Amino acid sequence: MQTTPERTPSMLEDPPDVGVAAAARLLQSEYGIDAEVSNLRSERDRNFLAHTTDGRRLVVKVSNTGDDPQQLAMENAAMQHVEQVDPDLPIPRVLTSLDGRSVVTVEAADGRTHLVRVLTVMPGEVADLMALPEWFATEFGSMSARLTRALQGFGHPAAYRRLDWDPRIVTTLRPYADRLPDESRRVPMHRLLDRFEGLDAATRELPGFVLHGDVTLSNVLVQDGGITGVIDFGDMHHTARVAELAISLTSLLRESDDVWRDAGRFLDGYQRVLPLEPAEVDLIGELVLARSAASVLISAWRAPLYPDNEEYLTSLVAGSWRILDELTDVPAHELADRFHSLCGTKRVNSAQVADPTLLVRRQAALGGDLSPLFYRSPLQVVRAAGAWIHTADGRRYLDAYNNVPVVGHAHPAVVQAISRQAAVLNLNSRYLHPNVVELAERLTASMPDGLDTCVFANSGSEANDLAWRMARVVTGRGGAIVADLSYHGVSEATAAFSTNTYPPEARPAHVAIFEAPRRLTDEGPAAVHRVRAARADLQRAGHDLALLAVDSVFSSAGILTPTDSFMRGLQDEARASGGLFLADEVQAGFGRGGRNLWRFQDFGLTPDFVTLGKPMGNGHPVAALITRREIAEAFVEVDEYFSTFGGNPVSCVAALTVLDVIEQTGLVQRSGQVGAELRAGLEALVPNVRGQGLMVGVELPNAIDFAERLREYGVLVGTTGPGGGVLKIRPPLIWESPEVEHFLSAFQKALG
C-alpha cells in the first residue's frame, strides 16, 4: 500500500487569509506608504499590487506559514547578491520598513501570523498572459542563463530544502498519479515515473548551485521588445544547473506550437551565456518530461483542495500534457540525441563509442588509399589530453609523434581561448581586430632584424605557396631548389617542392634538388657546390633560381642534423645566385630544437621568408609567412593576397595562447633538456640516433615493423626517410622525464 510522502510545508498549509484592506493598512503602518491595493495571482502565498499616492508600484508579498523565515532571508540576500554581481539584471529590490526591517509581520483573519515583504514592481506584462513574440525564446534562454550565472557564487544554509516542484524528485509524486482526472492517463503516468527513478542520482555529479528555481513565463515580464523583469524568488533552492534550465524550458514549451524550434532558440540563447556540459545535455529531455509530469500531478493533488483557486492551479495542465504526449514515446537515448544536436554536443558523445563500420565507411567516402591511415590495424581515437591519446577500445597511448599539438593535446588555456573567442566573434581579417595585430607583432619581434612583415594563412602549404608567388614576382624567375626527399605542402606549387611524395622522374622541370646533408662532414663548400649544380639543372631546363626552400631538420629525408656552415652555405649561395631563401619552420619551429624558438636561429641564418604552420595554433588551422617589407611591397605592385579566414580572431587567439604557454612554462629549454635525456637513453639501446631537442630519428633496418610493435606497447611514432627506414620521434613539447622513461621502457620491450 502506497503512503503519502513528506511534502513541502508551504504546499500543505492554506494560503494566508489576508485581504486587500489588511495589506493596505500594513503598508501605511509599517512603511508609511499610502496606496490602493489589489489582488495578484499566487498559489501558496498572497500577493498584492499597490499603487502608491506618489506614483510608485509595489508588490506586497504575504508568505505562507509553511515558509521558513530563513527562506525569506535567503531570497532577500539572493536579490542583493544579484544586484551586486549583475546590476543590469532586471530583478525587484526589497524595501525596508520605517524601522529598517526587510521582513515584517501581519496577523491574518484566522489568527495565523505571516511574514511580509514589500518589493519594487518591475515594468511589463507577465509573459504567460501574452502572445509570445518570435524573439522571446532566445532572449528567455539568455536571461535564464544570466540569472544562473549571477547566482553561481551565492550560498545560504536555507537553500538545502525539498521542493515538490523539483523535477529531479518527481517520483515522490507517484501517489497522485491515481488522482489524475482522466483515468486513461494513470497507468501511462506510472510507467513514465518508472523511467525517472534514477533521475535524482544522475544529476548529483553535475554542476549545481543555489538557484532561483522558478524562472518561468509566470515570473518573467515583457515590454517594448525585451524582457524587463524576473520576479518571485520564492522557490530558491540548491539544484542542478540543468534542472533549473529544464524548469525554464518546460515553461516555454508549454506555450509552443513547435517544440523543437523553440527549444533550439532557447538553448542558443542560453549557451551564448553559459555553455553546457555534454552530461548536462544528456538529461535535458528527461528533466523537461519530469517537470511536465510534476505539473499535472501537483494539479491533481491541489486543485480539489482549493476549488476557489482551481483555474490557477490547473493553468499548466494542458500545456504539460502537450509536451508529455509529444515526447513521452521517444526513447531516452533518442531524446538525449536530439538535444545534443540542438546544443552542438552530439558528436562529442557519439565519437567516444567504438564503431566497427568506421574503417569501411571511411574507405568508401574518403577515397580509400587517397588518404591512407597509420598502422595496419587503424586506431579509432576518441580523446587526447597532454601527451596521451585514448582510443575507442579503452587503451591509452603515449604520443611520440604529433608535433601539431605543440603544447599538448587539448591544452586547457588554448581550449579556453578558442572557445571564448568563438563565442564572441570570428570573422575575416579585413576588419580591424587586436588579435591579428598582436600576433603579427609578437612573431616579427621574435625574428631577426628585417623580417618585419607578417601575413596569415590557414596552413603551412598556403604560407609556402605565398612565399613562392612572392619570390617569382621579386626575382622575375620561375625556378625552385629543394632538398631531395623534402616536404613543403599540398598545394599544386608546394606539392611540386615535396619531392618525397613522387618518383624522381615525375619532378617538374622548374624544380631542382640538392642532396640533403647526410654526413657530419657536409660543410659550407659542399652546400655551395650542391646549390650551383641544382641551379645548373634549372638553367638547362630554361629556368633560373627564384627560391631555395629548406626544412632545417630535413624531417622527410630522415631527420638530419646539418652543420652551421652547411646551412649558411645554402642561404648565401641562393642569394649569390639571385634567388631568395626560405626557412620552413612548420615542423622545426616553436622551440622543438631546444635552443631557440626558431630552428634557423641555431645556424645564424637570416632568411628572406620564414613559414609557420598548424603547431602555432596547437592544431587550430592557422599559419604565417614572415618576410621583409620590401618583398611584400614589390609583390603588392603586381598582385595581392587574401585568405578569407587567415588571421581570423579565433585562430589568432589560439596562436597567441600557444606563445604564452611556451614562454610561461619554458618549453624551449625543456625541449632541449628532455630531448637530450631521450637521445641519451636511445643511444644506450641502439646505434644511428640523430636529431636535436624533441625531433629525434632512429635509423633501423625494420623501422616500419618496429613502429607497429611500439604501438602494441602503448607508444605512437611515425617513420620517415628513404624507404621509411627511420623512426620519427616528434612528440608534443610538454614531455618530461616520466614520458621519456615510459617511451624508453616500451622501446626496449619492442626490441625484444
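Because the structure is predicted, anything quoted here is derived from the model rather than measured. For reference, positions follow the sequence shown, starting with 1.
Using a distance-only test at 3.5 Å, with no hydrogens or angles considered, a donor-acceptor pair links the side chain of S142 to the main chain of G269. A donor-acceptor distance shorter than 3.5 angstrom exists from the side chain of R112 to the backbone of D14, with no hydrogens or angles considered. Remark: the backbone N or O of P331 is not paired with any side-chain donor or acceptor of E334 at under 3.5 angstrom. A distance-only check finds a donor-acceptor pair linking the side chain of S341 to the backbone of D337 [under 3.5 Å]. Of the possible donor and acceptor atoms, none in the side chain of R396 sits under 3.5 Å from a partner among the backbone N and O of W388. Proximity of a side-chain donor or acceptor of Q421 to a complementary backbone N or O of L425 within less than 3.5 Å is detected. A donor-acceptor pair under 3.5 Å links the side-chain atoms of Q352 to the main chain of V382, judged by distance alone. Formation of a donor-acceptor pair under 3.5 Å by the N47 side chain with backbone atoms of K61 is not found in this model. Here the side chain of Q380 pairs no donor or acceptor atom with the backbone of D393 at under 3.5 angstrom. Although no hydrogens or angles enter the test, the distance criterion places no donor-acceptor pair under 3.5 Å between the side chain of S299 and the main chain of S295.
At most 12 non-hydrogen atoms from other residues, nucleotides or ligands lie less than 6.0 angstrom from CD of E36. Remark: R420 CZ is loosely packed, at most 12 non-hydrogen atoms of other residues, nucleotides or ligands lying under 6.0 Å away. The number of heavy-atom neighbours closer than 6.0 Å to CZ of R347, taken from other residues, nucleotides and ligands shown, is 12 or below. Around atom CZ of R383, no more than 12 heavy atoms belonging to other residues, nucleotides or ligands sit under 6.0 Å away.
Between V273 and M143 there is no side-chain heavy-atom pair separated by less than 4.5 Å. At least one side-chain heavy atom of V220 sits under 4.5 Å from a side-chain heavy atom of F136. Inter-residue side-chain proximity for V230 and L89 is flagged as unmet; no heavy-atom pair is nearer than 4.5 Å. Using a 4.5 Å heavy-atom cutoff, the side chains of L249 and Y270 are not in contact. Contact of the R241 side chain with the L245 side chain is not registered, since no non-hydrogen atoms from C-beta on lie closer than 4.5 Å. No side-chain heavy atom of I247 sits less than 4.5 Å from a side-chain heavy atom of W165. Taking the side chain as every heavy atom from C-beta outward, V60 and V37 never approach each other to under 4.5 Å. Inter-residue side-chain proximity for L267 and I284 is flagged as met; some heavy-atom pair is nearer than 4.5 Å.
Taking the six-membered ring where the residue is Trp, F266 and F140 present perpendicular rings, their angle passing 60° and hence far from 30°.
Between V222 and A127, the shortest heavy-atom distance links the atoms CG2-CB, 4.1 Å. Minimum interatomic distance between S320 and S292 (heavy atoms only, all atoms of both residues): CB-O, 3.6 Å.
Each of D200, L163, V242 was evaluated against R168; a single residue qualifies, D200, per the side-chain contact (heavy atoms from CB on, under 4.5 Å) test. Of the residues listed (H237, Q71, H238, Q70), the one engaging R161 in a side-chain hydrogen bond (donor to acceptor under 3.5 Å, both in side chains) is Q71, and it is the only one. Of the candidates I298, V296, L180, V317 forms a side-chain contact (heavy atoms from CB on, under 4.5 Å) with just one, namely V296.
With sequence neighbours excluded, the residues that form a side-chain hydrogen bond (donor to acceptor under 3.5 Å, both in side chains) with S102 are N76. Taking the side-chain hydrogen bond (donor to acceptor under 3.5 Å, both in side chains) definition, one finds that R93 meets it with E83, sequence neighbours left out. For R25, there are no side-chain hydrogen bond (donor to acceptor under 3.5 Å, both in side chains) partners at least two apart in sequence or on another chain. Remark: R117 engages E75 in a salt bridge (charged side-chain N to carboxylate O under 4.0 Å, His left out) (not counting sequence neighbours).
Ion pair R261/E134 not flagged as a salt bridge, since none of the NZ, NE, NH1 or NH2 atoms sits closer than 4.0 Å to an Asp/Glu carboxylate oxygen. Taking the charged nitrogens against the carboxylate oxygens, D262 and R254 have no contact shorter than 4.0 Å, which rules out a salt bridge. D268 and R272 are not joined by a salt bridge, as no carboxylate oxygen comes within less than 4.0 angstrom of a charged side-chain nitrogen. Ion pairing between D86 and R146 holds under the 4.0 Å rule for side-chain N and carboxylate O.
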Legend entry - Evaluation steps, side-chain contact (heavy atoms from CB on, under 4.5 Å), between T228 and M122: CA-CA 7 Å; T228 54; M122 308 304 297; 5.7 Å; no
Legend entry - Worked check of side-chain contact (heavy atoms from CB on, under 4.5 Å) between L58 and Y31: CA-CA 12 Å; L58 304 172; Y31 293 86; over 6 Å; no
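Residue pairs satisfying the salt bridge (Lys or Arg N to Asp or Glu O under 4.0 Å) criterion with at least one member in residues 304-332, sequence neighbours excluded, are listed as follows: R185-D325.
Using modelled atom types and a 3.5 Å distance limit, the side chains of D99 and S97 yield a donor-acceptor pair. S63 and H114 share no donor-acceptor pair across their side chains, judged by distance under 3.5 Å alone.
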Side chains of residues 208-217: which donor-acceptor partners sit under 3.5 Å, not counting sequence neighbours?
from : atom 1 : to   : atom 2 : distance (Å)
H212 : ND1    : D214 : N      : 3.0
H212 : ND1    : V215 : N      : 3.3
H212 : NE2    : I231 : O      : 3.0
H212 : NE2    : D232 : O      : 2.8
D214 : OD1    : T216 : OG1    : 3.3
D214 : OD1    : R291 : NH2    : 3.4
D214 : OD2    : N219 : ND2    : 2.9
T216 : OG1    : D214 : O      : 3.4
T216 : OG1    : S218 : OG     : 3.1

